[in-house]
Colleague: 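The structure's right below; bear with me while I get my questions together.
Any value given below was found using the heavy atoms of this structure, including those in side chains, with hydrogens, waters and symmetry copies removed. Protein chains get the first letters and strands the later ones, always in sequence-line order, with residue 1 at the start of each.
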Number of protein chains: 2
Amino acid sequence: MNHLTMTDIARLAGVSLTTVGRVVRGKGYVSREKREAVERVIGETGYVPNRAAQGLKSNRTNLIGHLTVLNPNMLYEQISRSLNRAASERGYQVLTYTVDRETGDRGKVLDELIAQRVAGIVITSCPGLSGEMLGKVLGKHIPLVMIERTIEAEGSDRIAVADLEGAREAVDYLFRRGHRKIGFVGKNPDQEVEARRLAGYREGLAGGGIPEDESLVVLTRSYTVEEGREAGKALLDRADRPSAVFMTSDLLVCGFLQACYERNLRVPDDISLVGYDNTLSMMLSPPVTSVSLEMGELGERAVELLMTRGENREGESREVLIRTVLIERDSVKTLF
Amino acid sequence: MNHLTMTDIARLAGVSLTTVGRVVRGKGYVSREKREAVERVIGETGYVPNRAAQGLKSNRTNLIGHLTVLNPNMLYEQISRSLNRAASERGYQVLTYTVDRETGDRGKVLDELIAQRVAGIVITSCPGLSGEMLGKVLGKHIPLVMIERTIEAEGSDRIAVADLEGAREAVDYLFRRGHRKIGFVGKNPDQEVEARRLAGYREGLAGGGIPEDESLVVLTRSYTVEEGREAGKALLDRADRPSAVFMTSDLLVCGFLQACYERNLRVPDDISLVGYDNTLSMMLSPPVTSVSLEMGELGERAVELLMTRGENREGESREVLIRTVLIERDSVKTLF
DNA sequence: CTGAAAGCGCTAACAG
DNA sequence: CTGTTAGCGCTTTCAG
């Protein structure tokens with residue numbers, strides 16, 4: 001490796017090490033003359049500072065750790081992108097670890113993140129994380145933000161999506177379009193997130209004065225195309241099928257649409273659909289109306305929480321709520 | 001930050017700094033007794049080594065840089081995942097920079113990667129990269145591997161997909177299913193990749209003795225749903241529409257299917273479709289037959305090239321070809 | 001098998 | 001405005 005050091009640059013430019021440091025970092029007074037000399041040498045030699053040395057000395061890095069779980073759902077990828085963008089706007093870079101939901105060793109990953117001395121850690125959806133692991137991070141005063149599925153942890157912040165409101169709005173939207181027999185397909189509410197969406201569905205129904213019909217609620221084990229398809233079969237093959245169905249993931253919608261297609265049922269003519277995530281809905285036939293999360297905001301807020309936690313350390317746990325927006329497309333029929 | 005150092009551990013365990021280093025790194029002779037003492041202290045205190053210090057001293061990191069371009073196409077995300085997996089199997093971690101196709105500053109990103117002193121750099125699709133930027137990386141003897149869209153560069157390695165063969169096989173598959181009027185929808189072949197796929201299509205046609213019909217070839221500006229839909233309109237609204245269409249991206253297939261859906265044309269009854277990428281095809285209605293790239297292999301080979309380049313430095317440029325596999329689903333009708 | 005010693009390249013006081 | 005100095009936490013000879 002042919003890496004020059006600051007000392008080399010200093011010698012070449014005829015100045016001291018410190019002066020080079022000042023222009024590299026862009027802070028501290030340096031006369032225009034010397035600054036230009038140094039910049040010229042840096043330009044000519046292609047000198048690039050050594051982050052390891054900077055980090056060692058300053059005890060800071062420009063790295064943000066991100067622990068996420070492998071998932072066919074494009075949602076997590078979008079979160080990751082959003083985080084990346086927000087981080088790089090502030091001069092940070094995200095080191096992402098994607099663990100396998102079943103076999104991934106969370107503890108090892110967190111240790112690696114600590115080893116890198118990241119400026120903060122974001123955890124997106126964290127099944128299988130123990131309080132002990134989190135404690136280790138928090139004990140070292142590394143700012144921690146959790147997204148989507150969160151765990152209570154003293155001293156960490158959380159970002160949640162306004163799932164209940166999002167789901168309620170979706171159902172209300174269907175109601176206002178004249179639908180009264182509205183089905184629900186979602187993951188079994190063993191986690192808060194799913195419970196909120198189901199609750200939103202029920203609130204939406206209640207808001208329209210529609211009595212609940214449990215036979216219209218299909219709970220799946222996970223968010224997969226296959227399960228969406230099974231749910232579709234269950235709902236479509238009923239004698240009295242719903243006029244509309246709200247699903248808590250675009251992935252489920254994909255499967256549901258396959259079930260429709262097999263039966264030669266058309267959307268929205270034969271049945272109306274609303275999805276959730278807004279990840280795949282625009283690509284489907286027909287393009288599906290879906291509940292979109294404010295992705296840009298999500299990353300921004302996560303980084304913001306990380307940065308401000310560093311200042312007022314030991315503060316209370318904070319929680320920020322991300323809004324949702326219903327994106328209208330062509331999958332809902334107006335029944336008037 | 002409450003980080004202990006190796007010196008702390010040494011003191012606590014009653015051994016020397018060096019001995020702690022040996023057990024942390026797991027190499028060098030240490031008596032069972034002392035090793036256990038050290039391990040106990042590390043376990044109790046939750047000590048985690050400082051990568052910056054390790055890297056500074058050893059002049060090595062466990063980081064692999066990845067430069068990729070922001071793209072709605074899930075293909076790049078899959079490549080990224082594959083790379084991550086392969087890297088972590090060898091104890092490396094991937095630092096990914098996703099730049100905006102138009103505005104992203106490649107030079108700055110590469111500098112940042114150099115600053116991190118990454119063990120190697122992988123570049124996936126690299127429009128807008130100058131030879132100068134690449135030269136800077138290569139000049140510092142950092143192993144470099146390019147994927148998908150590659151640039152010639154002395155001392156760097158490349159991974160290409162067997163696009164021509166993949167496309168040819170797809171067309172041949174349609175031929176064997178009885179199709180003779182086969183359309184093509186793909187991105188304008190201003191890059192090698194697209195040119196190879198188009199050439200594969202032509203070879204497939206030639207193999208079946210089918211004369212080329214340029215009116216059946218639709219070239220788009222980019223891989224988007226919208227362009228796929230436009231292409232669909234163009235091909236479907238012809239008096240003599242093709243019995244099958246091969247498309248060079250699943251994203252295009254999505255749009256094409258929307259055009260079909262609007263016209264109430266059914267796949268594969270009215271028209272047969274084969275996609276490329278195998279990223280979205282399984283989620284569509286109907287599930288679409290698509291050309292899949294051997295993703296697992298891709299990451300493995302990339303990391304392998306990086307690692308071996310470190311040894312036989314200054315070697316020739318190497319190129320490895322990734323095979324494709326046609327995944328059969330329900331979008332092709334047999335015409336007999 | 002173990003320890004002492006010498007830095008890696010850089011930052012951050014502190015004097016000039 | 002500029003330079004000198006002292007390490008950051010770890011790896012790596014080199015002697016015991």
Colleague: Indicate, with a heavy-atom threshold strictly under 4.0 Å, whether A:Val30 touches base, sugar-phosphate, or nothing.
Modeller: sugar-phosphate

Colleague: Which residue lies toward the 5' end of DNA chain C, A:Ala52 or B:Ser16, if each is placed at its nearest nucleotide?
Modeller: B:Ser16

Colleague: Whole-Å distance between C:dA12 P and A:Met6 CE?
Modeller: 11 Å

Colleague: With a 4.0 Å cut-off, would you call B:Asp111 and B:Lys108 a salt bridge?
Modeller: no

Colleague: Between A:Arg32 and A:Glu36, does any NZ, NE, NH1 or NH2 come within less than 4.0 Å of an OD or OE carboxylate oxygen?
Modeller: yes

Colleague: Are the side chain of B:Thr150 and the backbone N or O of B:Ile147 linked by a donor-acceptor pair below 3.5 Å?
Modeller: no

Colleague: Would a distance-only check, ignoring hydrogens and angles, find a side-chain to backbone donor-acceptor pair under 3.5 Å from B:Glu300 to B:Ser82?
Modeller: no

Colleague: Please determine if B:Glu297 and B:Arg323 form a salt bridge, counting it only when a charged side-chain N lies under 4.0 Å from a carboxylate O.
Modeller: yes

Colleague: Rounded to whole Å, please give me the gap between CG in A:Leu56 and C1' in C:dG7.
Modeller: 12 Å

Colleague: With a 4.0 Å cut-off, would you call B:Glu77 and B:Arg81 a salt bridge?
Modeller: yes

Colleague: With the side chain counted from C-beta on, respond yes when B:Lys140 and B:Ile114 share a heavy-atom pair under 4.5 Å apart, and no when they do not.
Modeller: yes

Colleague: Rounded to the nearest Å, what distance is computed from the CD1 atom of residue A:Ile9 to the C1' atom of nucleotide C:dC10?
Modeller: 13 Å

Colleague: Expressed in angstrom and rounded to an integer, what is the separation of A:Lys34 atom NZ from D:dC1 atom C1'?
Modeller: 9 Å

Colleague: Strictly under 3.5 Å: I want the nitrogen or oxygen pairs between protein and nucleotides 12-16 of chain D, one per line.
Modeller:
residue : atom : partner : partner atom : Å
D:dT12  : OP1  : B:Arg60 : NH2          : 3.4

Colleague: Let me know the distance between CZ of A:Arg11 and P of C:dG9, rounded to the nearest Å.
Modeller: 12 Å

Colleague: How about A:Pro49 and A:Met6: do any of their side-chain heavy atoms sit closer than 4.5 Å?
Modeller: no

Colleague: Any side-chain N or O of A:Tyr47 under 4.0 Å from OP1/OP2 of C:dC10?
Modeller: yes

Colleague: Select one nucleotide: of C:dG9, D:dT11, C:dC1, the one nearest the side-chain heavy atoms of A:Thr5.
Modeller: C:dG9

Colleague: Five pairs at each end of the helix from C:dC1-D:dG16 to C:dG16-D:dC1: take the axis at both ends and give me the angle between them to 10°.
Modeller: 30°

Colleague: Could you tell me whether the phosphate oxygens of C:dC10, OP1 or OP2, come under 4.0 Å of any side-chain nitrogen or oxygen in A:Gln54?
Modeller: no

Colleague: Rounded to whole angstroms, how far apart are CG on A:Leu4 and C1' on C:dC8?
Modeller: 15 Å

Colleague: Ignoring hydrogens and geometry beyond distance, is a side-chain donor-acceptor pair present between A:Ser125 and A:Tyr76 at under 3.5 Å?
Modeller: yes

Colleague: Does a nitrogen or oxygen in the side chain of A:Thr19 sit under 4.0 Å from OP1 or OP2 of D:dG3?
Modeller: yes

Colleague: With heavy-atom distances below 4.5 Å as the criterion, would you say the side chains of B:Arg51 and B:Asn62 are in contact?
Modeller: yes

Colleague: What nucleotide, of C:dC10, D:dC10, C:dC1, holds the atom closest to the side chain of A:Asn50?
Modeller: C:dC10

Colleague: Starting from P on C:dC10, measure out to CD on B:Gln116 and report it in whole angstrom.
Modeller: 13 Å

Colleague: Quick one: A:Arg117 CZ to D:dC8 P, roughly how many Å, whole number?
Modeller: 14 Å

